[in-house]
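Inspection log for the structure reproduced underneath, given as structure tokens.
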Amino acid sequence: MTSRAALGLALWLAAGASGAADWDVGRLMELLRSHHPGKAAFHETRTLALLDRPVETSGELTFTPPDRLEKRTIGLNAERMVVDRETLTLERAGRKIAMPLREYPQVAVLVESIRGTLAGDAAALEKTYSLALEGDPARRKLVLRPKDASLLKIVARIEISGSQALVRRVDIEQADGDRSTMVVTPVAP
């Protein structure tokens with residue numbers, strides 16, 4: 001190997017090591033913050049102890065930074081859920097209910113995990129969760145575990161997987177053993 005080729009290989013390896021060293025929760029949050037608001041299709045599978053088989057739903061998600069999240073479910077159980085700032089609005093079967101999110105901690109803990117991640121708001125996430133990042137930018141998983149014992153009675157862990165600034169999958173494991181998996185597919189603007 002020539003000295004020029006050896007130098008090139010050394011620089012390439014150093015650049016790769018530097019990129020891996022720079023990959024942390026802070027860098028992921030920067031990427032997420034820089035990503036524009038958007039829409040995505042979702043398919044969710046929920047496994048509940050009370051039911052014999054999983055419940056499957058699909059629809060569309062819309063996120064408008066920093067704090068508006070809409071989930072529109074289509075089909076037999078059609079509904080629209082909008083979280084705008086601190087208000088949760090649920091529309092189902094022609095009825096509309098608005099409620100303060102703070103009065104429903106079991107919902108708030110789940111909403112804030114998604115909203116905080118999509119907004120790239122590590123400070124908001126760290127108020128409630130311990131954060132761990134696994135993988136690399138191309139295949140990463142952000143693992144959220146509630147810090148508070150009362151929240152651990154609701155949710156055991158949340159895993160938000162994706163590539164770069166795109167969220168591709170959200171896995172939620174509840175404390176009672178129920179779980180859900182939402183596969184997310186970005187929709188072109």
Checking Lys71, Arg169, Arg168, Arg46 against Met182 for side chain to side chain contact (heavy atoms under 4.5 Å, CB included), the one that qualifies is Lys71
Side-chain contact test, heavy atoms from C-beta onward, threshold under 4.5 Å: evaluate it for Thr89 versus Ile97 and give yes or no. no
ask   = Taking atom CZ of Arg68 as the centre, does the number of heavy atoms from other residues, nucleotides or ligands within less than 6.0 Å exceed 12?
value = yes
Please evaluate residues Leu125 and Met29 with respect to the criterion side chain to side chain contact (heavy atoms under 4.5 Å, CB included), reporting the C-alpha separation (whole Å), side-chain torsions for both, the decisive distance (0.1 Å), and the verdict.
CA-CA 10 Å; Leu125 290 171; Met29 293 296 132; 3.9 Å; yes
Would you say that more than 12 heavy atoms from the other residues, nucleotides or ligands in this model lie under 6.0 Å from the CZ of Arg33, or not?
yes
Rounded to the nearest 0.5 angstrom, the OG1-CD distance for Thr47 and Glu173 is 11.5 Å
Q.
What I want to find out is whether Arg80 reaches Glu70 closely enough, with some N-O distance under 4.0 Å, to be called a salt bridge.
A. yes
So OG1 of Thr87 and CG of Leu101: to nearest 0.5 Å the spacing works out to 8.0 Å
Given side chains that start at C-beta, do those of Ile172 and Arg179 come closer than 4.5 Å, heavy atoms only?
no
Checklist entry - Does Lys147 make a cation-pi contact with Tyr129, if we ask for NZ or CZ under 6.0 Å from the ring centre and within 45° of the axis? => result no
**Message:** Any heavy-atom pair between the side chains of Leu28 and Leu142 that's under 4.5 Å?
**Reply:** yes
Taken to the nearest 0.5 Å, the spacing of Leu152 CG from Gln174 CD works out to 13.0 Å
Salt bridge (Lys or Arg N to Asp or Glu O under 4.0 Å) between Glu159 and Lys141, worked out: CA-CA 6 Å; Glu159 296 179 356; Lys141 182 188 309 181; 3.5 Å; yes
